[in-house]
Protein chains: 2
Amino acid sequence: MRIGELSRLTGASRRLLRYYEEQGLIVPDRRANGYREYDDRYVDRVNQIRGLLDAGLPTRIIKQILPCLDKPRSIHFPDATPEMLALLTAERDRLTERIDVLIRNRDAMSEYLTEVAGCRALTPGGSHGTPNSV
Amino acid sequence: MRIGELSRLTGASRRLLRYYEEQGLIVPDRRANGYREYDDRYVDRVNQIRGLLDAGLPTRIIKQILPCLDKPRSIHFPDATPEMLALLTAERDRLTERIDVLIRNRDAMSEYLTEVAGCRALTPGGSHGTPNSV
DNA sequence: TGAAACCTTCACATAGGTGTGATGGTCAAG
DNA sequence: CTTGACCATCACACCTATGTGAAGGTTTCA
C-alpha cells in the first residue's frame, strides 16, 4: 500500500509516517517512481510505534528496542548484543517505574471520584447552581 | 524553605519550579524581599506534578485535577463542579488506557528478554565480552 | 488534454517542557 | 565595605513530535 492508505489505517498523518521513516523507525520499499510502498505488517508496526511514543519513549530509544519486539519474533531473534539487552532491560525497568507512578495517580483520581460519588449520594439536592454541599 | 532547598528536595530545577508556578500549579508565598517561600507540603506536591507530567498530562490539565488529589483531602473536597468531575473521569480513563499500552509493551520486552535468556542458557559458548551469565 | 488525487522533497512553524545566561537585588560572614 | 551564596525577572534557545504549505512529479479517469 502507499502512504495515504497506511495513514488511513493507522491514523498517523502522512507527515508523521515520513517522520518515523526519517528517524529510522520504519523503512518502506520504494516503487520505481519513488513512491513509498508499505506491506501490511506496517500497520501493526506503526501502531506499536505510536503506543511507545505515547508511553513517553523517544524515537531514538524506540528505534533500538523495536527490532526486539518485532511481530512473529518467536524463533529468530538473531541480533542481541549485550548492550542491546542492557538497554532493553533498563528501559523496561524505567517503564515499570513509570507505570507505577501512573497507577498511583490513577488510583488517587478514582479514590477521589468514589468519595465524591459517595458524598453525592447523601445530598439528593440538585447539583448544578448550588456548588454542592459539604 | 526557599526555592533552592525545594529544588534539592524534589530534583526539579529552580527554573522548573518557577515554571510550574507560572502555570499555576503551585502558588508559594512571598517573603518581604520577594523570595518565594515554600512550606513542606510542596515537596509532595511537586513530586506529584512531576509524576503527572511524566504521565503525559499537560500542565493545563494538571492544574485542574490537582486540587482534587490534594494531600489530606479526605473530608473537605469542596469544589467539585460537574465539569470538573467529568474532566477527572475522562483523564482517569485516558490514563488507564495509557497504562494498558505501557503494560503491554513492557510485557513484550520482558517476554523477549526471557526468551533470549533461555536461548543464552543453551549456548554455553561465551559470547562476546562474557556479558554475564544469564 | 486536462483535472483530480495521489505522491515526492524541502522548509519553516508551533507547542510544551526545560536549559541557560544576563542583569540586578538581598543577606550573612569576614 | 566586600565577597559569595542565594534570590528575582526576563528573554532567548533547544528538543521532539507534529502541522502546514510550497513547488513539482505521477497516475487515473473523463
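Chain letters run A, B, ... following the sequence lines, proteins first and then strands; every chain starts at 1.
One atom, CZ of B:Arg14, and another, P of D:dC10, lie 19 Å apart when rounded to the nearest Å. Here D:dA8 presents its P atom at 14 Å from CD of B:Glu22, a figure rounded to the nearest Å. Rounding to whole angstrom units, CD of residue B:Glu37 and C1' of D:dA8 are separated by 15 Å. One interatomic measurement links the two molecules: CZ of B:Arg30 to C1' of D:dA8, which rounds to 8 Å at whole-angstrom precision. When the P atom of D:dT16 is taken as reference, atom CZ of A:Arg60 falls 7 Å away, rounded to whole Å. Counting to the nearest Å, the P atom of D:dT18 and the CG atom of A:Leu25 are 11 Å from each other. Going from atom CZ of B:Arg18 over to atom P of D:dT9 covers 7 Å, rounded to whole Å.
Residue B:Arg36 has no polar side-chain atom (N or O) positioned under 4.0 Å from OP1 or OP2 of D:dC7.
For the salt bridge (Lys or Arg N to Asp or Glu O under 4.0 Å) test, no residue two or more places apart in sequence or in another chain qualifies with A:Arg2. Shown here are the side-chain contact (heavy atoms from CB on, under 4.5 Å) partners of B:Asp93, two or more places apart in sequence or in another chain: B:Thr89. For A:Arg60, the salt bridge (Lys or Arg N to Asp or Glu O under 4.0 Å) test picks out no residue, with sequence neighbours left out. Residues forming a salt bridge (Lys or Arg N to Asp or Glu O under 4.0 Å) with B:Glu21 (at least two apart in sequence, or on another chain): B:Arg30, B:Arg36. When the salt bridge (Lys or Arg N to Asp or Glu O under 4.0 Å) test is applied to A:Arg98, the partners found at least two apart in sequence or on another chain are B:Asp54. Listed by chain and residue number, B:Arg41 satisfy the side-chain hydrogen bond (donor to acceptor under 3.5 Å, both in side chains) test with B:Asp39 (two or more places apart in sequence, or in another chain). With sequence neighbours left out, the side-chain hydrogen bond (donor to acceptor under 3.5 Å, both in side chains) criterion links A:Glu37 to A:Arg31. Applying the side-chain hydrogen bond (donor to acceptor under 3.5 Å, both in side chains) criterion to B:Arg18, with sequence neighbours excluded, gives no partner residue.
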| How would nucleotides 19-30 of chain D be written as a contact map, 5' to 3', with B for base contact, S for sugar-phosphate-only contact and - for no contact, using protein heavy atoms under 4.0 Å? | BB----BBS---
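Base pairing in DNA chain D gives the following stems of 3 or more Watson-Crick or G-U pairs, range against range and under 3.5 Å: C:1-30 with D:1-30.
Annotation for B:Ser7 and B:Ala12: closest pair OG-O, 2.7 Å, computed over non-hydrogen atoms.
Identified under the ring pair (Phe, Tyr, Trp, His ring centres under 6.0 Å) test for residues 4-39 of chain A, with sequence neighbours left out: A:Tyr38-A:Tyr42.
With a heavy-atom cut-off of 4.0 Å to chain A, the contacted part of DNA chain C has its first and last nucleotide at C:dC6 to C:dA11.
Side-chain heavy atoms closer than 4.5 Å link hydrophobic residues (I, L, V, M, F, W, Y) into clusters, and following such links, even through other members, never connects A:Val101 to B:Met109.
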